[in-house]
Structures are given as C-alpha cells and as structure tokens.
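First up is the structure itself, then whatever we jot down about it.
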Amino acid sequence: MVDLIAKTPLAGILPINAGETVLTEASPASITSVMPHQGREKALGEALKKAHDIGLPAVGRSSGTAALRMIWTGRGQYMLVGNKPAARALARSSTLTDQSDGWAVMQLTGDNAAQVMARLCPLDLRAASFKNGHTARTELAHIMAVVSRIPKGFEIMVMRSFAQTAVTSLQQAMDSVAAQWTRT
Amino acid sequence: MSRLPTGGLLDRSQQIPFSFDGETYLGFKGDTLASALLANDVRLVARSFKYHRPRGILTAGSEEPNALTQIGTGDQITPNVRATTQEIFRGLCAKSQNRFPSLGFDALAVNDLLSPFFSAGFYYKTFMWPKAFWEKLYEPIIRRAAGLGALSGAPDLAHYDKAFAHCDLLVIGSGPAGLMAALTAAKGGLDVILADEDSRLGGRLNSETSGIDGKAGHVWAAETVAVLADMPNVRLMSRTTVTGAYDGGTYGALERVSHHVADARAAAPLETFWRIVAKRTILAGGAIERPIAFPNNDRPGIMMASAVRTYVNRFAALPGQDVSIFTNNDDGHRTAADLAALGVRIAGVIDTRADVAVSGDYPVLSGAEVVDTAGRKGLREITVRTASGLRKIKTDCLAVSGGWNPSVHLTCHLNSRPVWREDIAAFVPAENAIPGMLVAGAANGDFSTHAALKAGVDAAKATLKDMGRKTVRTTLPKAEDTPVSITPFWHVDGGKGRAWLDMQNDVTTKDVKLAHQENFRSVEHMKRYTTLGMATDQGKTSNIGALAIMADLTGRSIPETGTTTFRPPYSPVAMGALGAHGADKGFAPERFIPSDLLAREMDGVMVEAGLWYRPSWFQKPGETHWRQSCDREVQMVRDTVGICDVTTLGKIDVQGKDAAEFLDRVYSNMFSTLKIGRVRYGLMLREDGMVMDDGTAARLGERHFVMTTTTAAAGQVMTHLDFCAQVLWPELDVQFISVTEQWAQFAIAGPKSRELLDALCDEPITNEAFPYMSCGDITLGKIKARLFRISFSGEHAYEIAVPARYGDALSRELKIRAESFGGGYYGMEALNVLRLEKGFVTHAEIHGRITADDIGMGRMVSDKKDSVGKVSSQRPGMSGPEREQLVGLKPVGAVKQLLGGAHLFNPGDEAIRTNDQGYITSHCFSPHLGHPIAQAFVKNGRARIGEKIRMVDHLREVETLCEICSPVFLDPEGEKLRG
Amino acid sequence: MRINCPVCGERDSREFHYRGAAKLLDRPDGDAGAEAFHDYVYVRENPAGINRELWFHENGCRSWLVAERNVSTHEFLSVKLAADIKRGMK
C-alpha cells in the first residue's frame, strides 16, 4: 500500500518579506471550477445558494466568506475556493472540475502592496476602482493570474507550474519598492 | 570662482566634491553638473560631433545639445548625459566626450579645417571607390571616428524597473500652469499625477525674478507644491519625463530614480519606466527658447538668454563677467536687467529690431546684428553690425534670445502637426491633437506668468466639467502679464564664418542652403539630407530655425513649409529601462514539472520545451557523452521499464451535453463514437486544411472527455477551442477548462510496466480491465488517480495521473519501483528515439505546412461529418504524388550520418533547388538497429519505398546515401503495444 | 492601446490577441464547397479606415470579441461579444 505525501506549490519558498510587505502562501482545502451549462446561470445561482449559502457573483466580483468564496474567473467560469468542494447538486446545472492542485494561491499584504502590484500588473488597482470583493482575470509579470482585493492587500492565483517564477518577480518588485520607500 | 556669494536654490551647508576630466571641483546640493562647472569657471565642456569644435554649455535644460558627458566608471559608464540635467553628488565622476587626446587639445579638430569636404551629404558622394576599400578601410575608420560617446563594453549590471500607474488627470509640467491645473483639479476631487522632468517642481518659477502674489516665484511654487504633497489624491513625480503619448490615454514616462544618489542601495532601481493611463491630460510642459544663427555662434560662452538667468537666479553661478545680449524680442532684455541688478557688467544689448522699447543702464544697440565672434576655447569678443558700420565688443558671455518655441512635441506623437501663430512667431499645438489632452501655459503660447496661471485653472475647470464633476472656486494669484513683443529674425546674412543651427549634429545654415540647392527642399528631405534634428536632442534648439531658412529659400511661408514629425521618446531612454526585468531568466516565465526537484537530483540535463524545463537525459556516473545516457535509457525502456514525466502535455477537460458533438467538429476523425473508458488518437486541422496538432482524447463519461495536446501547442489549442465554441458554434452546450496543472502525469513504459503498476495500485491492473487505448479511475492508497493505457514508445505502456500535490512524492515512488526492475527515468532524447523507431510523429513533422495525407493519416479525416479544415484539406494539390510524404530513411553507404533539415536528391541529380526531393525532419541513432534512422518528407514518398536517395547537407557539407523505407522501424504489427 | 472589453472593462491591449477579420464568424456550411471555404480562409477586404476585427481577451476573461476599429486613427468604435453577434446572425 503506497502512502504519498502532499506538497503545496510554494512549500519551502514562502513566506518572504521586504520592508513592510509580506507574501504568504494560502492553501485552501479545495478549489472547484464551476462552469454553468448553456442558459443555466439562474439555476446554478439557486443551487449554489441552497448548497453553500452563497450568491452567484457578478462579473469581476466574488461572493461568500473567507472560509468559502465563489470567485468569478472568466467568461462562463467561476471557482469555489475554500474549506469544501462544490456540492454534487451543482452538477445538474454546471460542469465541475477539481482545480485544488492546479493553482498556487498567494497573499500580498502591507502598506506598500499596491506599489508592488504596480510593478507587475497593468490593472487599475486603485482603492476607488478595485474594492473589497472585486476580482479580475489579468496578468502578473506576463503570467495569467486571478487577482482579488483582500483586507490589507491582494490575493493572487497563478497556475501551479508558474508559482516559482511568479514569486521571483514578486520578490524583485517587493525589494525595489522597499528600497524606495524605506523610512530614513 | 564664479559663484555668487548669496542667492540660488542651493543647500550651501555642505560642499560636494565631484570630478570632471580628472579634476576635482566643489559644488552644492541642488547644483547640476553644468551649474557647478560654470561656478568653477569651466566653460569648455565638449567637442562637437563632426568638426570637433570646442563647445560650451548652451542651455540649462534637457534640450542641451552641446554639453554631453560621460558619467560613471567601470560597468556603470553612461554616455551622452546632459550636464544640464545631471545632479551632482559626492564622488560623481564625469568626463567630456568625443575628443582625443584631451578636451583642450583634440587631434580630430583637423576635421574643422577640412570642413568644406564634410558638408551635408558628403557621405553620399565619397567613399565610393574602390569598392573593396569600403569594408576594409573606410567603414572601420568612420566607425571609430563617428558616434557620440562610448559604452563601457561591460554588461550593464544596473537594475531597472517598469511600472503601471492610473489616474484621472495627468498634468505634465509643474510650472505656473501645471501647478494651478493640478491644484484646481485635485480640489475638484480628481486623482491627479503631476510629473516634471526636473528634480525640483516649479518650472521657470525657479529661474525668473518676477514674483507671484508678492512673493518670489520659487517661494510661491514651493508653497503650492507643499499643499499638493499633502493631498491624498495627488501624486507628485519629480525627475520623471513623460516621454511619449500613445493611444487610449496611455503615456510612457521615465523616472530617474537613482542618478542623483551616490550610494544607491542596490535594490533601488536606477530608473523606472512607467506606463501611465490617464483619463485626461493637461500638457503644461512650457517652452524652449530658440537661438539666432550667426557666424561662429557656437563658441563656449554663447548661451541662451533664459539659461543665463537660470544659472544666475537658481544656481547662483555667473557664466561671465562681461555679459552681452543678442535678441529679437523684449524677453532677452530680462537677462540684462537681472544681471545688472546684481552688479554684473553688461557689455551691451544687441537688438535686431529698429525700434526697441526696453532700456536700461547699459548700452542698447537697435537695428543691430552680431556678425562674428572670437575666442575658440572661450568667447572673448563679438563683432556687431549696425547702420553705422561694424564694431567689436569685448565680452565673455553672449546671451542669445530668438524667441520661444512652445514644447509641442507630445501633441505630435499621434500624427498631429502643430499650427503657426503669427503673433508670437511660433508653432502651437493643434486643437484635439491628442484625444483627452488640453494644453495650457507656455506650451500653448500663453507666455506671461498670469496667462499661464489662468490657463492652468481654465484647463482644469474644463476637465472637471468634461468629467461631470462639480466646479471649484479658485482665486487666481497675481503675476506679471507682459505681452509678447517679437520681430522674427532667424539668421544673420553675410559674414565669413559658418552659422550653426544643429549644434549636436554640427549642421550649419550653409548645409540647409546646400540641401535646397541639391533639390532636397521639403523639410523631411532637408532633415535626412543634412541630419538636422536627428541627434539625441531631436533638434529642440534647431528645427524651427532651419525650416525658417528653408521657407525663405523656397519662397514659402513658415506654416506652408511645415515641421517634421516629433516621435517618442521626448528625451533619450536607456534600453535597460525599456527592457527592465527582461534579461536572462526574466525574458519569459519559467514553468517547472512536478518531478523537477527529483530530475535535478538525478543529474537530469534540463532543456526548454516552450516555457517548461524538461529533462533531456539523465547523466549517470561514468557517462560523459549524452549518447551514452540516451542509448542506455532507450534500452532500459525496451528491456524493462522507464518512467517519464509527461505533465507538460496540455490536458483539457471537456464536458457538457454537446461535448461529443464539439469534439467531432474540432477533430478530423470521429469522437462521438468513442466508448466510455476508451482513448482515441485524433488530428486537429486548421481551417486551411493543414494539421494543427495531434493528441489523444479519453472518454471518461457520456458527457465527459479529457483531451491532450502537444506541450508547446497547449495554449494555441485552447485558444482554438475557445474560438470554435464562441465564434463558430455558440449554440453548443459545452464547457472546457485546462487541467494540465491539476494532474501530475507520468508515462510508465516497457515490458515490466504492468507489473510495476499492479504492485503500485490498489486494484489489479489486467489486460481485461485496461486493454490498449483505455482509461479509468484507480486509487493509490487513499488517493484518487487516473490511468490511461496509451503508448508513445511502442512498448506496453501506461500514463498515470495523480493530483499534482502528490507529484513529487509519486515521482520518487516510481523511481524506486522502476529501479527495482533494473529500469528508471528516461528523458526527452530517449523519448524521441523511442517514438522515431515506431514511426510516431511530433511537431517536427507537424510543422504547419503538412496535411493529414502527407503523414499517412488521410483516412483520419472523416467523411461522415463536417470538421474544421475538412473541406480545405480536400482541395486539389492537398494530396497525391506531387506532395512530399512521410517516409523513413536509413543510411546504406559508408557514411552513416543523418542530419535534421538536410535536403534529399535523386542519386545522379545535381544538388540544387530545382532537383529537391524533400528534407529530413527528425533523426536519431537507433540502439536497436545499430545505425541512425530518420523521418523525412519525400516527393511521392510512399510509392518509393526501397529506392535509394541522396542526403546532402549544404551547410555542414555531409552527403549520405540512404534507402527510403517505412517510418515504422520496429514491431510494425504493434504486438508489444497490445499484449 | 486600450481595448474596452464588454466583460472586463477597459484593459491594456497586451492582454489581448488579434486574430484577423471578423469575417471568420461567417463560416460556410460543410457542404458549401471549396470555393466558399477558399473565400472564407483567404480573401479579405483591407480598407484604410473602419475594419471589423476579431480579438481574443486571452489574458483576461477569454471572451472572443468583434471590434470595429479605424485602423488609420486607431480609434475603437465598438467592442462586442463575438458569441452574441454570431447568435444574432441567421
């Protein structure tokens, strides 16, 4: 009987920090992709509410709590991220796939998080434009990413194989910002 | 020393030592290299580009054409830095350029004597003969003599950054117009970025003596900046040049982060290149004073009148003791007034206008022109012509003012041409030159301080209104409102010496006249023929003067003559900044496979496959050549068992009511007929009928498939699927998503593969449970996994997929188990040998110009249904004996070498293009057969099995006689696969 | 250049991939014959003015878009979802 040990994408690589900015790995227990069947968004919304007590988020938004969130991640696509996988009941109105291993999830926090992101991401991440609950599918250092605002900073999801290269770029940006914004 | 005892915007608490051409000087914080040199009586700072004439500092800004210096030492040398923009710091090391052996004695000044031979366009007429001399003699000499500045030749280890910024309003320039615009807009609630190329905000207010609201201009500026700095919706970016205007309100800007800092902490970048996205913009970039061209107008000590005021007022540095002024407008007189007020001797004001309204306690000559100057390494004297004849005036600094040119450059970046205004004798921006941009202040021809302040407020209010915001009440500060008084005068006629226009490229009025004479009369032709305006300053102090002369010569007006196009960047940007983070590994993201750590522990030699790193072979102790490793790994797979990480192949999960129908349309063959639990090889065509990709698709359920793609084509295929689902057939109910990363996948291939898996998995792995080309769910311990029985090696083989978190662990488990059979890991080289021996194709064969029939898979394009590319694949000429078809090749002569890309010819035919029979796409050494083998495309290849053919590699000069054979070299019945 | 994606809002053009003419929406039926497909695959108008173009928001929401763009001035006149336009055809 074989007994395989699990590893998160950034085990041994995170956390890192520079100045006041910190980058940590978040390891949600489960990530499920949820793609509604043709014309079945409403049914999906109802099923989601019933099974997980979360409303289907609008484009560019996430809904739910820190424990379990539904994030809009693209055209006809959502990810349920948190402490449980999507309930089977959702499969009546949507296609589900397990994505728990496919993503590296990171959190960038600190007063200068926005300055760090400015070096890596072309998006308008100003507080007035990108608020709590907002999310975007964009690129981070030329890597496809899902970026969400969280209290004190940003959550960044990149595909697993890109994790190390994303961290390298983030570290460079964090160091650059820390050097320019150090209080003397 | 020419430092004034008081005054200037300097921090005199500390003396700052710096060096220039090996001599150490002292300056203050706030000095530029130019101001500090002038304060130390250094006036000769450069030698000109072509003629190596002694040159001094002409201006006080980024438009400086002469004072180009080399800053830094070792690998940090930066050439062509304008002394007027370089802030000094302790230990700054600066050198003059373009002179040998020294600034004082430059041997190449002989060029000046030979100047009649070096007029405009001389290189079109010389160095023509003898032809052979060009490459060997002329070009190397010219290359060594030409060029401005030199690079260190060492790799640039400085670190640059790139960043994005967003705002409601970008204000470019922080003079009176810019400051009022930013203040008004910020009070109105807009998110404002205020950028200025200077280290200190305030624009001309830091250099002029006229005040605002009863205070000195620089005091008012500093107070306003402090207010702005405190506002949370304002971002001040000093030392930041907005370099270009682009579509969609996007601007490029270069921030000089560390050029003024002695020991920049290593992590801070030298420069940051910004992309700023602004909903609206106000350009308040000011104006640049233009000179008048007159004989020998390029001597050290001849400067712009406004620059003299800047050095005196802002830097407390006196450029001369006996100052004269040459002007065609009232503004030039301000220099005389400012200097006289400080007790400086004014040798005279030479005004071209016959009626001069301004006067002072110094001689003013009206209707006069400067016709010559003397003092090669520093001005001594000028010759002036008046109605009553010639006279000489002793002077060591001549301040020239020919009027002001609004800085229209950014407004021309989207192809707009500026508009001529007769009343100020200058070009101003055209209306709406850049969508969303308003222009205010001197940049728009509003030259008085009052006009600039008001224009800034008006522009901000218009912006607020345009954006639907409430207006803001403002009080306009009080300032001078002197009208412009100018009579255009561009160049002095007659006189013996050359009159310079473009100081940096050494272009004179004579060159413009020559261009006209040779019929290069449009401004575009004049520019390229004379090179005027093509140096690093983009002709900021010479363009208008030149086109005014051309206008005269061609009998047209200035607006009729027009301007050339201004293009980004406004001032030079280092390639390092534009390419920040792009060198070495930064060039592209890297992707790592689940077994990466183990692969490197096993001395796997990694190779790039797309963005991934995959092991090419594993070097065991004692192996010194890659072939040893590769041959061993191939034998290992055929004899026992081999493991290969195949995670990188794209895996796309396809589900939904119409999933099967969708696959039928994107694959050329049928997939709706595939049974659940089975796997099928498929071809995907482009709409032009060529093969795009090959792969397998597995059916996991009635409405559930997982398709695979080639590693490098994964993204392309995904894009294609999205295209088909959205653009072609949006009515289909199908959903798909990449699961490449979700699953770590390993190939287990060889006679012992089943035995290995049987021991590894919870359930028994039998031929009944998993026949060839089948798939299903299995478990390993508590873990849900997937098993596919497919083979790319031709051996009995499987691929096992586990959730990627277990990838590293499984990779190690497989290593142990494989080695217990005498097997182990194999890399990409061995993978290639295995598939070549079995006649399988890769993208070396599917290179974008072949059809299904070319690779012998014509029958895979099903007639039963439409699919992408089907109709085009059946056009005449897409199949048949004229086409190059896939075959195998083996060497049959003494020479055994087969080379990729080598072309094929019939024995006896000359190896020229018209006899070409085809080419080799892939080759390897086959350990099983004991000789090299290859796949090739050969004209009518399938009908020529058994024929001899000649491989000729023209590049590497190898010829090999081959025999055309089947591409399947081993086990043609596929017995090993199905056992 | 910025493109106003109907799903995501205005984004930098670096997130997008340009495919070609929006003519690709009008794919001939499978039995329309080689001529029809030749025209579909190869023949294009090339006006120096407003073009109907296909763009893919590759590094964003992954929507295929039909944009009307003036290639002389770079101005986008409209950007719509290709799937919506396709559904509206026939």
Side-chain angles (χ1 to χ4, degrees), chain A residues 33-41 56-62 70-79 95 97 99 102-103 117-126 128-131 133-149 156-159 162 165-166 169, chain C residues 1-30 40 51-71 73-90:
Chain A
S33 72
V34 181
M35 293 181 285
H37 296 157
Q38 182 96 247
R40 299 275 285 157
E41 283 82 2
L56 193 66
V59 165
R61 299 287 184 271
S62 61
M70 186 77 154
I71 310 176
W72 175 90
T73 52
R75 178 187 168 70
Q77 190 188 100
Y78 305 84
M79 301 261 177
T95 289
T97 74
Q99 294 279 323
W103 296 86
M117 290 298 283
R119 271 132 189 92
L120 302 167
C121 182
L123 224 54
D124 184 357
L125 296 170
R126 290 177 291 167
S129 326
F130 197 71
K131 305 183 178 134
H134 283 216
T135 191
R137 191 71 183 252
T138 179
E139 49 173 79
L140 186 98
H142 307 292
I143 300 164
M144 189 263 288
V146 179
V147 175
S148 308
R149 182 177 292 282
I156 301 159
M157 286 172 62
V158 298
M159 292 200 290
F162 285 100
T165 213
S169 294
Chain C
M1 190 163 72
R2 296 184 72 72
I3 302 177
N4 198 3
C5 172
V7 176
C8 302
E10 226 191 44
R11 292 288 182 92
D12 192 295
S13 60
R14 68 183 55 226
E15 292 185 1
F16 298 80
H17 160 79
Y18 169 73
R19 172 69 192 259
K23 182 172 175 170
L24 285 175
L25 270 76
D26 201 6
R27 185 173 184 273
D29 283 337
Y40 173 70
N51 278 232
R52 274 184 87 234
E53 304 179 327
L54 257 182
W55 288 82
F56 180 47
H57 197 181
E58 183 166 29
N59 268 354
C61 62
R62 296 188 74 85
S63 296
W64 278 90
L65 308 167
V66 173
E68 280 183 318
R69 187 170 75 102
N70 186 327
V71 297
T73 63
H74 299 181
E75 189 196 350
F76 280 93
L77 284 86
S78 70
V79 186
K80 300 195 175 108
L81 287 174
D84 287 350
I85 293 182
K86 177 71 181 189
R87 275 190 268 254
M89 289 159 68
K90 340 193 166 4

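Each chain gets a letter, A, B and so on, in the order the sequences are listed, and its residues count up from 1.
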Which atom pair, heavy atoms only, marks the closest approach of V7(C) to V59(A)? O-CG1, 3.3 Å
Within 6.0 angstrom of K80(C) NZ, more than 12 heavy atoms from elsewhere: no
Under 4.5 Å from any heavy atom of chain C - which part of L123(A): side chain
Within the supplied structure, the quantity of interest is the number of heavy atoms (other residues, nucleotides, ligands) at a distance under 6.0 Å from H142(A) NE2; does it exceed 12? no
Begin with the C-alpha distance, continue with both residues' side-chain angles, and end with the deciding distance and a verdict on side chain to side chain contact (heavy atoms under 4.5 Å, CB included) for E58(C) and M144(A). CA-CA 9 Å; E58(C) 183 166 29; M144(A) 189 263 288; over 6 Å; no
Taking atom NE2 of H57(C) and atom OG1 of T138(A), what is their separation to the nearest 0.5 Å? 7.0 Å
Could you tell me the separation between the CZ atom of R137(A) and the CZ atom of R62(C), rounded to the nearest 0.5 Å? 7.0 Å
Could you tell me which portion of D12(C) (side chain, backbone, both or neither) has an atom closer than 4.5 angstrom to a non-hydrogen atom of chain A? side chain
